[in-house]
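First the structure, in the form of C-alpha cells, and then the observations on it.
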Amino acid sequence: MLNRYARGTFTRVFGPLARLLLRLGIHPDLVTVVGTLGVVVGALWFYPRGELWWGTLFITAFVFADLVDGTMARISGRASPWGAYLDSTLDRLGDAAVFGGLVLWFLGPGGRPVDGYLALACLVLGFLVSYAKARAESLGWRCEGGIAERADRLVAVLVTTGFTGLFLPGWVLTVVLALLALASLVTIVQRMGMVRRQALAA
C-alpha cells in the first residue's frame, strides 16, 4: 500500500537531494549499492548485539537511499531495466539482513526463540512474496499488490523494532512479527490467485 500512496510524496521530499547528487556526478546505481551496504552493515552489526534502537536509526538512514536512487533515475532519464533489476536484487539482500539480524539476536543472546522463528518466517515468506511477482512477470503476467508489499513490511518491522529498543514491551514486536508473517502468507495467496485468474483467462 505504501508503494502506491507514499511514492509521490517521497519523490517531492527527496527531489532536491537527488538533483544535488546528480550535479555532483553521482550515478543512481552507486546510491543503490551504498544504501544496501549501509542497511546490511547496520542490521548485521547492531541487531545481533541487541542494539535495536541504534541499529534501526542507522538502517533507516540508508533505507532512504532506495527512494533517492529511483528519484535520481527518473530526473536524469537514466531509468532502465538494469537499474530496476539492480534495485530489486539488492532490496532482497537488505531485507534478508534486517530479518537475519533479528534472528541472530533472538535465537542467540536475546533468548527469545519464538521471536527468532517468527523473524525467520517473515524472511522466508517475504522472499516468496517477491518471487511470486518476479516469476509471474517473467511469464508475461501481471502480479503486484496485496496486503503486505515490501515497503509495508519494512516500515512495520523497523518502527516496531526501533521502539522496542527504547520503551515498547517485547510482546509488541512478537505480535507485529506474527502479523507480518501472516500478512505475507496472505499476500502470496493473493498473488497466486491473481496469476491463476490470468492463466485461466488465457
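Annotation: side-chain contact (heavy atoms from CB on, under 4.5 Å) contacts of Pro81 (sequence neighbours excluded): none. In this view, Ala65 and Val31 satisfy the side-chain contact (heavy atoms from CB on, under 4.5 Å) rule, not counting sequence neighbours. Considering only residues two or more places apart in sequence or on other chains, Ala96 meets the side-chain contact (heavy atoms from CB on, under 4.5 Å) condition with Phe127. Checked against salt bridge (Lys or Arg N to Asp or Glu O under 4.0 Å), Asp29 has no partners two or more places apart in sequence or in another chain. Shown here are the ring-ring contact (aromatic ring centres under 6.0 Å, His included) partners of Trp82, two or more places apart in sequence or in another chain: Tyr85. Evaluation of the side-chain contact (heavy atoms from CB on, under 4.5 Å) rule for Thr36 yields Val40, Leu90, Leu93 as partners, not counting sequence neighbours.
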Please output the side-chain donor-acceptor pairs of residues 192-199 that fall under 3.5 Å, not counting sequence neighbours, one pair per line with the distance.
{"unit_1": "Gln198", "atom_1": "OE1", "unit_2": "Arg142", "atom_2": "N", "d": "3.0"}
{"unit_1": "Gln198", "atom_1": "NE2", "unit_2": "Arg142", "atom_2": "O", "d": "2.5"}
{"unit_1": "Gln198", "atom_1": "NE2", "unit_2": "Met194", "atom_2": "O", "d": "3.2"}

All N/O donor-acceptor pairs, side-chain side in residues 55-63, below 3.5 Å, sequence neighbours left out:
{"unit_1": "Thr56", "atom_1": "OG1", "unit_2": "Tyr47", "atom_2": "OH", "d": "2.7"}
{"unit_1": "Thr56", "atom_1": "OG1", "unit_2": "Leu52", "atom_2": "O", "d": "2.7"}
{"unit_1": "Thr56", "atom_1": "OG1", "unit_2": "Gly162", "atom_2": "N", "d": "3.4"}
{"unit_1": "Thr60", "atom_1": "OG1", "unit_2": "Thr56", "atom_2": "O", "d": "2.7"}

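Counting side-chain heavy-atom gaps under 4.5 Å among Ile, Leu, Val, Met, Phe, Trp and Tyr, Tyr131 is found in no cluster with other residues.
The salt bridge (charged side-chain N to carboxylate O under 4.0 Å, His left out) contacts involving residues 107-136 comprise Arg112-Asp115, where partners must be two or more places apart or lie in separate chains. Contacts classified as salt bridge (charged side-chain N to carboxylate O under 4.0 Å, His left out) and involving residues 38-61 (residues at least two apart or in different chains) are given here: Arg49-Glu51. Applying the salt bridge (charged side-chain N to carboxylate O under 4.0 Å, His left out) test to residues at least two apart or on different chains, none of the pairs has a partner in residues 161-172.
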